[in-house]
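Worksheet: one structure, shown below.
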Amino acid sequence: MVDTDSGWDGRGGRGSRGTRDTGGTWGMRGARAADAIPDRGVAAPDRRLALPGRRVAAVSLVALAALATGCEPGTATGAPEASPPARPTQAAAPSPSPTAPVTEDAKPRTAPPPSPSASTAAPAPAPDPTTVRPAPEPSTAPAPRVLMRTGSESDRVRELQARLRQIGHFGRNPTGYYGSVTADAVRSFQAKRSLPVTGSTDEVTWQRLLAMTRVPKAAELRPPTERPLAAPDERCLKGRVLCISKNSRTLAWMIDGKVVSAMDVRFGSEYTPTREGVFEVFWKSRDHVSTLYDTPMPYALFFSGGQAVHYSADFAANGYGGASHGCVNVRDKKKVAALFGQVRTGDKVVVYW
């Protein structure tokens with residue numbers, strides 16, 4: 001749009017207000033006046049003599065036109081034509097602001113000019129440093145020391161079992177042997193207290209258990225049996241007798257009708273049942289190993305062929321979940337060891353329901 005008060009012609013040239021041509025062409029009146037001089041009655045000189053004057057007039061007109069445009073110089077006569085400089089059609093890419101936030105992926109690179117909408121788009125917000133949480137570093141603290149695990153056998157294991165029984169995690173009498181039943185009880189305790197569930201008793205688990213329980217009494221550590229003793233068979237009331245009840249699954253060592261000691265026992269499976277009746281101890285073997293099954297039978301008291309009363313590590317570990325091959329298994333090693341020392345060859349054995 002042409003500003004009629006400024007003298008701007010839309011191309012960049014500026015002239016005097018009094019000689020502005022509303023048609024948009026500057027200097028044309030002066031050029032026509034120069035060309036009209038010969039037509040006012042002045043005799044035209046020889047065309048060859050007037051040629052230099054015309055060239056001077058033409059050059060003057062070119063110079064006057066250049067002055068009228070004001071900003072773009074014309075091409076010199078006789079010089080090769082050069083393409084006019086291209087005018088920019090869009091805004092140049094804005095230089096990055098020195099206060100713009102720098103992110104990890106702001107690497108130096110040559111980027112294409114932004115699209116027209118890019119100059120108006122809001123910059124992406126920088127991440128709030130207060131919400132970025134660093135990844136936790138792996139713990140370098142040493143694992144707590146393990147005090148008892150599967151296969152351990154000691155008085156402390158017996159105490160562990162008694163304490164677990166006080167708070168309902170161990171459902172039988174202590175045996176002093178750390179088997180799968182004890183490991184399951186420890187796992188149950190650890191899970192309920194949000195401790196690492198390993199089944200092994202480490203220092204943390206042990207201290208937590210001590211804080212929740214009391215010191216077990218002697219009867220809790222070494223109860224006579226897990227179940228009440230059955231009424232003794234009348235054949236057990238005289239002499240020295242190993243009185244073994246399949247009904248109560250207990251063994252009572254009796255002398256003249258009085259119980260000296262009692263212990264839990266288990267028997268053979270339906271395919272290898274423990275024989276019933278009245279027998280005698282005919283052989284004692286402290287560190288016996290079965291020649292048929294190649295399994296240890298410590299403190300064996302043989303009473304009927306290959307069947308004997310002996311300690312069973314499997315019974316201590318797994319309880320009544322298993323069975324023997326016909327022997328009478330005892331799971332309390334100390335009790336059966338004491339029994340082995342007291343029983344003599346020829347003492348009576350009574351197995352009954």
Side-chain angles (χ1 to χ4, degrees), residues 139 141-227 248-251 262-269 287 289-290 293-300 309-325 327-338:
S139 175
R145 183 168 62 96
V146 174
L147 304 178
M148 294 167 275
R149 56 165 58 91
T150 301
S152 301
E153 188 172 9
S154 65
D155 285 341
R156 186 154 65 169
V157 173
R158 186 181 295 275
E159 181 182 356
L160 168 71
Q161 294 166 334
R163 287 179 180 272
L164 288 171
R165 184 169 186 173
Q166 287 178 12
I167 54 178
H169 288 279
F170 191 73
R172 57 189 59 188
N173 283 344
T175 63
Y177 181 82
Y178 203 120
S180 61
V181 175
T182 304
D184 288 343
V186 171
R187 288 189 189 95
S188 174
F189 174 80
Q190 291 170 331
K192 191 169 183 179
R193 271 76 195 177
S194 300
L195 298 173
V197 181
T198 63
S200 298
T201 304
D202 54 34
E203 291 178 328
V204 175
T205 301
W206 180 243
Q207 291 302 321
R208 182 70 64 86
L209 181 62
L210 292 180
M212 297 182 61
T213 56
R214 54 177 173 76
V215 178
K217 299 178 181 179
E220 293 177 289
L221 291 171
R222 288 180 170 81
T225 59
E226 185 179 84
R227 297 173 177 81
S248 64
R249 293 188 287 189
T250 58
L251 180 154
M263 55 205 76
D264 296 324
V265 294
R266 73 177 184 181
F267 306 98
S269 66
D287 299 309
V289 176
S290 172
Y293 300 105
D294 195 28
T295 55
M297 299 170 58
Y299 307 109
V309 175
H310 67 85
Y311 170 73
S312 169
D314 181 75
F315 183 28
N318 300 311
Y320 291 100
S324 73
H325 293 97
C327 290
V328 179
N329 291 162
V330 181
R331 62 182 174 190
D332 192 318
K333 195 171 186 178
K334 285 190 175 182
K335 283 188 176 182
V336 74

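Two residues are said to be in side-chain contact when any heavy atoms from C-beta on lie closer than 4.5 Å; Trp206 and Leu160 meet this criterion. Here the side chains of Arg331 and Asn329 are not in contact, with every heavy-atom distance at 4.5 Å or above. Side-chain contact between Phe170 and Arg163: absent, with no pair of heavy atoms (C-beta onward) separated by less than 4.5 Å. Between Arg165 and Asn173 the shortest side-chain heavy-atom distance falls below 4.5 Å. Two residues are said to be in side-chain contact when any heavy atoms from C-beta on lie closer than 4.5 Å; Asp332 and Thr175 fail this criterion. For the pair His310 and Val336, the minimum side-chain heavy-atom distance is 4.5 Å or more.
Ring geometry, Tyr293 versus His325: the interplanar angle falls under 30°, so the pair is classed parallel (tilted spans 30 to 60°).
For Tyr311, the ring pair (Phe, Tyr, Trp, His ring centres under 6.0 Å) criterion is met by no residue, not counting sequence neighbours. Looking at residues two or more places apart in sequence or on another chain, you find a side-chain contact (heavy atoms from CB on, under 4.5 Å) between Ala162 and Pro174, Pro216, Leu221. Contacts of Phe315 classified as ring pair (Phe, Tyr, Trp, His ring centres under 6.0 Å), with partners at least two apart in sequence or in another chain: Tyr320.
The two residues Thr213 and Gln166 have their closest heavy-atom pair at CB-OE1, 3.3 Å. Summarising the geometry of Tyr177 relative to Ala317, their closest heavy-atom pair is CE2-CB, 3.4 Å, with the distance given to 0.1 Å. Counting all heavy atoms, side chain and backbone alike, Arg208 lies closest to Leu195 at NH2-CD2, 3.9 Å.
Taking the charged nitrogens against the carboxylate oxygens, Arg222 and Asp155 do have a contact shorter than 4.0 Å, which makes a salt bridge. Salt-bridge check for Lys335 with Asp264: failed, with every basic side-chain N at 4.0 Å or more from each acidic carboxylate O.
Paired with Glu159 under the rule side-chain contact (heavy atoms from CB on, under 4.5 Å), one option of Leu209, Leu164, Leu210 passes, and it is Leu210.
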(request) Show the numbers, then the answer: is there a side-chain contact (heavy atoms from CB on, under 4.5 Å) between Asp314 and Arg266? (result) CA-CA 11 Å; Asp314 181 75; Arg266 73 177 184 181; 2.7 Å; yes

